[in-house]
There are 2 protein chains.
Amino acid sequence: MDACENHSHFGEGRVTARRRAIARAADAMPGAFTVDELSSAVRESAPGTGTATVYRAVAAMEAAGTLERVGARDGSALYVRCHADAHHHHLVCTGCGSVAHAECPLGEESVRALAGTGFTVTGHEITLYGLCPACATEHRTNPPTLATRKD
Amino acid sequence: MDACENHSHFGEGRVTARRRAIARAADAMPGAFTVDELSSAVRESAPGTGTATVYRAVAAMEAAGTLERVGARDGSALYVRCHADAHHHHLVCTGCGSVAHAECPLGEESVRALAGTGFTVTGHEITLYGLCPACATEHRTNPPTLATRKD
DNA sequence: ATGGTTGCAAATTGTTTGCACAGTA
DNA sequence: TACTGTGCAAACAATTTGCAACCAT
């Protein structure tokens, strides 16, 4: 329920009912999700939405920085809803698949240590895996089906 | 030319001429490569090698820890030849696609900083992007076609 | 001899695209 | 009105799989 119900999710693109439904479904996703999962979610509130449309919307949202691709599960790409602004990374719970944002764990010294390789590091990609507070307590009550695969 | 020309690359699996050719081609790859690229390379020394075989061999090598998947380029998975033993990460040159190994840049303090999220971090995945010494010098002589995409 | 490996072709499947139509700005 | 979004179906491409022959062990 951010005040950004208008233009934010898709950047330039137009705002249609479909897209609004897709944006809302993406916001409601508990953790990382595949396009197919998002499609299913969308169809609950907006039946008849075509898969291609969701793919196109996801592409638009990714371009707008509203969505970020975080690896893949099985054969399909995984996305997480996130804010474009700050530099951050993702913490994926291997128990339930929920995703949390994490500050960049790379300190200055860390980066400096890499200088020894001769490479000029221009960017990096980090995904952390672990157990969220809830899952850490239950500790293997539910089978870890989500977001465990890398890619 | 390691002394591990025998069982190492494929773990359990049997050692056949094809597999030996594939293993050698993988070792000869300069950086990250797709299965298709590896297939082409293999066919130069072992013509007639089927694509499916290469896919199967790659799967076996990945399982054996001989190969590691590092993201994807376009629609296909990228792999790098690497040693299973030590914990390390990859530095991908966005200029030429070559890959170097890098020590884990996550210091103790870095990890500790993440504790604030409540998550119990059990693992992580890091890929660094940058320019290798050669490309850093040339600096945009050749178009950056390789390994720039995440996934 | 036994069981994993290989090629080929067919089958899957995630994702993209063409096109005609609808809806937004 | 002009242009973008949408559905549907066809097109694509990477990867997988079935099967019969083959080859390490």
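Residue numbers begin at 1 in each chain, while the letters A, B, ... track the order of the sequences.
A donor-acceptor contact shorter than 3.5 Å is absent between the side chain of B:Arg69 and the backbone of B:Ala77.
C:dA22 atom P lies 19 Å from atom CZ of A:Arg19, rounded to whole Å. Nucleotide D:dA9 holds its P atom 17 Å from the OH atom of A:Tyr55, rounded to whole Å. Counting to the nearest Å, the P atom of D:dA14 and the OH atom of B:Tyr79 are 13 Å from each other. Computed from coordinates, the A:Arg56 CZ to C:dA22 C1' distance equals 13 Å when rounded to whole Å. The separation between B:Phe10 atom CZ and D:dC23 atom P is 18 Å, rounded to whole Å. Note: CG (A:Leu38) to C1' (C:dT15) measures 15 Å, nearest angstrom. In this structure, A:Glu62 atom CD and C:dT15 atom P are separated by 11 Å, rounded to whole Å. Nucleotide C:dG14 holds its C1' atom 15 Å from the CG atom of B:Asp74, rounded to whole Å.
Side chain of A:Ala77, nearest nucleotide from D:dC23, C:dT15, D:dT15: C:dT15. Side chain of A:Ser76, nearest nucleotide from D:dT25, C:dT15, C:dT6: C:dT15.
Contact check for B:Val58 versus B:Tyr79: side-chain heavy atoms found under the 4.5 Å cut-off.
Residue-level contact check: B:Thr51 touches neither bases nor backbone, having no heavy atom under 4.0 Å from any strand.
Mapping B:Ala46 and B:Arg14 onto DNA chain C via the closest heavy atom, the residue that lands nearer the 5' end is B:Arg14.
For the pairing with B:His89, the side-chain hydrogen bond (donor to acceptor under 3.5 Å, both in side chains) check across B:His124, B:Glu68, B:Glu125 returns one residue only, B:His124.
OP1 and OP2 of D:dC22 both lie 4.0 Å or more from every side-chain N or O belonging to B:Thr16.
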Evaluate B:His101 against B:Val80 for side chain to side chain contact (heavy atoms under 4.5 Å, CB included), listing each step before the verdict.
CA-CA 10 Å; B:His101 286 188; B:Val80 276; 5.6 Å; no
